[in-house]
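Only heavy atoms go into these numbers, but all of them, side chains included; no hydrogens, no water, no symmetry mates. To find a chain, count down the sequence lines: A is the first, B the second, and so on, and within it residues start at 1.
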Number of protein chains: 2
Amino acid sequence: MAQVEIADKGSRRTSPAVASELLDAALVEFSLHGFAAASTRAIAQRAGWHQPQINYHFGSKEELWRAAVDHLFAELEAELGWLDEPAEDPVAALRASLGRFVAFSARRPELHRIMSVETTVDGPRLAWIVERHAGRLFAEVRQGWEAVRASGAGSALSSVEAWQMVIGLGARPFANAPEILRVTGVAPQVDEQRSLLERLLGL
Amino acid sequence: MAQVEIADKGSRRTSPAVASELLDAALVEFSLHGFAAASTRAIAQRAGWHQPQINYHFGSKEELWRAAVDHLFAELEAELGWLDEPAEDPVAALRASLGRFVAFSARRPELHRIMSVETTVDGPRLAWIVERHAGRLFAEVRQGWEAVRASGAGSALSSVEAWQMVIGLGARPFANAPEILRVTGVAPQVDEQRSLLERLLGL
DNA sequence: GTCTATACCGAGATAGAC
DNA sequence: GTCTATCTCGGTATAGAC
């Protein structure tokens, strides 16, 4: 194979991008196998570096996980670009955010995979991720949905129901794409999931 | 604590239920941590037996996993009680099956947890579970949904979309209940998820 | 068939040369 | 900062007494 799978023995490289490359590799491994089953050796190998560099740059596997999740949510929020929108037309604003969220979920299935695997048991990582990221995300969705409903638009659904639909139909299908493909024979598509959501939400 | 956490040292028990008890414990551990991260020690301890008995009764961790999944799907299919229904009224039949599925998913969140954690990567366990169980389940749902649509009832959705909704809104919320509770402040309820699904599906 | 003891392996973390 | 070598721990599986 032409691709380098691991740093050559005896060779010595230097790069300011080590941490960044380790983060990207960590996201893939953590999302595919979960925190406990992912190995720092596999992460380092995927990034083309050595395992002890994880401890050097991040201190521990747990801190690497937190840094990777921070990195991923930062990417999502940059794409959503909230906070600055004055929301003149709440329906158009929510439709736009929804479309960006579905596209992001398809491009970065790691986010929902990590959420899903790390949130079946109520442990410290769940508490951390909700307090730091997911809670704020839900608050934004709830606010957007209530604005839509107050304007007279949207289906007769609570914000919790709307949230469940966004996650269950806008993110989960891409995170579990291998399953859906094998079971139904078709892979989920961004446009179809988005239009399904818009129809069901009445946007 | 009154509960025995592990067999007492030096004591010696015998039971025809060893395998069954190990299966139940395995379902909990596998669903909470995934196949790789679950440990056979923890499974045996949860059941009150010793770790080598897993290899004695099942041969390997992998075979224990398959036996546990078989056991779980058998429970589901017994509850659904398909195959014998002549489906005179397709809407009533699907409504009834849907209600039973949602109730089962709440009572046994292990099923969707295992599906979710084992189906993000397209490995041998995904192929096994789809060919042996999930594929048949989808075929039943598709058949039921197409009968509903042919009778003129139901929302204008494909059977794949209906399937995604059943999983995403009828099973996932209970599998990830800790997350939903922390994020939204409310725990998913059987009646609410069922009525939400019936509304959206037009049943 | 149940149990103790242990072989063997891969994990995360660390020491220390460079 | 990067790398090799290694420590320690916990994992599955197995051997063999009972």
Side-chain angles (χ1 to χ4, degrees), chain A residues 4-23 25-69 117-118 121 123-125, chain B residues 4-23 25-68 117-118 123-125:
Chain A
V4 176
E5 291 197 348
I6 195 174
D8 294 337
K9 286 210 172 187
S11 80
R12 204 160 251 269
R13 294 190 299 151
T14 298
S15 165
V18 202
S20 169
E21 293 175 16
L22 286 173
L23 280 182
L27 279 177
V28 176
E29 293 291 324
F30 283 137
S31 71
L32 287 180
H33 306 115
F35 176 80
S39 89
T40 56
R41 279 181 162 84
I43 291 169
Q45 178 168 334
R46 177 180 289 274
W49 296 99
H50 293 262
Q51 182 256 343
Q53 294 180 282
I54 286 177
N55 292 81
Y56 178 82
H57 285 281
F58 297 96
S60 70
K61 182 184 180 183
E62 181 98 22
E63 288 172 90
L64 169 67
W65 183 86
R66 286 201 289 266
V69 173
V117 74
E118 232 59 62
V121 54
R125 282 190 297 277
Chain B
V4 177
E5 290 196 349
I6 195 175
D8 294 338
K9 286 211 173 185
S11 80
R12 203 160 251 270
R13 294 191 299 151
T14 297
S15 164
V18 201
S20 170
E21 293 175 17
L22 285 172
L23 280 182
L27 279 176
V28 176
E29 293 292 322
F30 282 138
S31 71
L32 287 180
H33 307 116
F35 176 80
S39 89
T40 55
R41 274 177 173 52
I43 291 168
Q45 178 167 337
R46 176 180 289 273
W49 297 99
H50 293 261
Q51 183 256 342
Q53 294 181 283
I54 287 178
N55 292 83
Y56 177 81
H57 285 281
F58 297 96
S60 71
K61 182 185 180 182
E62 181 98 21
E63 289 172 90
L64 169 66
W65 181 87
R66 286 200 289 265
V117 74
E118 232 59 60
R125 281 190 297 276

Let me know the distance between [atom1] of [X] and [atom2] of [N], rounded to the nearest Å.
| X | N | atom1 | atom2 | answer |
| --- | --- | --- | --- | --- |
| B:Leu22 | C:dT2 | CG | C1' | 12 Å |
| A:Glu29 | C:dG10 | CD | P | 16 Å |
| A:His33 | D:dG11 | NE2 | P | 19 Å |
| A:His50 | C:dT14 | NE2 | C1' | 17 Å |

Handout entry: Those residues of residues 54-63 of chain A lying under 4.0 Å from DNA chain C by at least one heavy atom
Key =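 Within this stretch, A:Asn55, A:Ser60, A:Lys61 sit under 4.0 Å of the strand.
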Exercise for the section: Between C:dG12, C:dA15, D:dG11, spot the one nearest the side chain of A:Gln51, thanks. Expected result: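 Side chain of A:Gln51 sits closest to C:dG12.
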Handout entry: Which residue lies more 5' along DNA chain D, comparing A:Gln53 with A:Arg41 via nearest heavy atoms
Key =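 Mapping each residue to its closest nucleotide by heavy atoms, the 5'-most match is A:Gln53.
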Handout entry: B:Asn55 vs B:Pro52 side-chain heavy atoms within contact, under 4.5 Å
Key =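 In short, these two side chains do not touch, never coming nearer than 4.5 Å.
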Practice task
For the residue pair A:Val69 and A:Phe30, establish whether any side-chain heavy-atom pair is separated by less than 4.5 Å.
Solution key: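 No, their side chains stay 4.5 Å or more apart.
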Quick one: [atom1] on [X] to [atom2] on [Y], what's the gap to the nearest 0.5 Å?
| X | Y | atom1 | atom2 | result |
| --- | --- | --- | --- | --- |
| A:Arg125 | A:Trp65 | CZ | CH2 | 6.0 Å |
| B:Gln53 | B:Leu64 | CD | CG | 12.5 Å |
| A:Phe58 | A:Arg66 | CZ | CZ | 12.5 Å |

Exercise for the section: For A:Glu21, check salt bridge (charged side-chain N to carboxylate O under 4.0 Å, His left out) against everything at least two apart and list the hits. Expected result: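 Partners of A:Glu21 under the salt bridge (charged side-chain N to carboxylate O under 4.0 Å, His left out) test: none.
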Exercise for the section: Check every strand shown and say whether A:Ala37 touches a base, only sugar-phosphate, or nothing at a heavy-atom separation below 4.0 Å. Expected result: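 No contact at all - A:Ala37 keeps every heavy atom at 4.0 Å or more from the nucleic acid.
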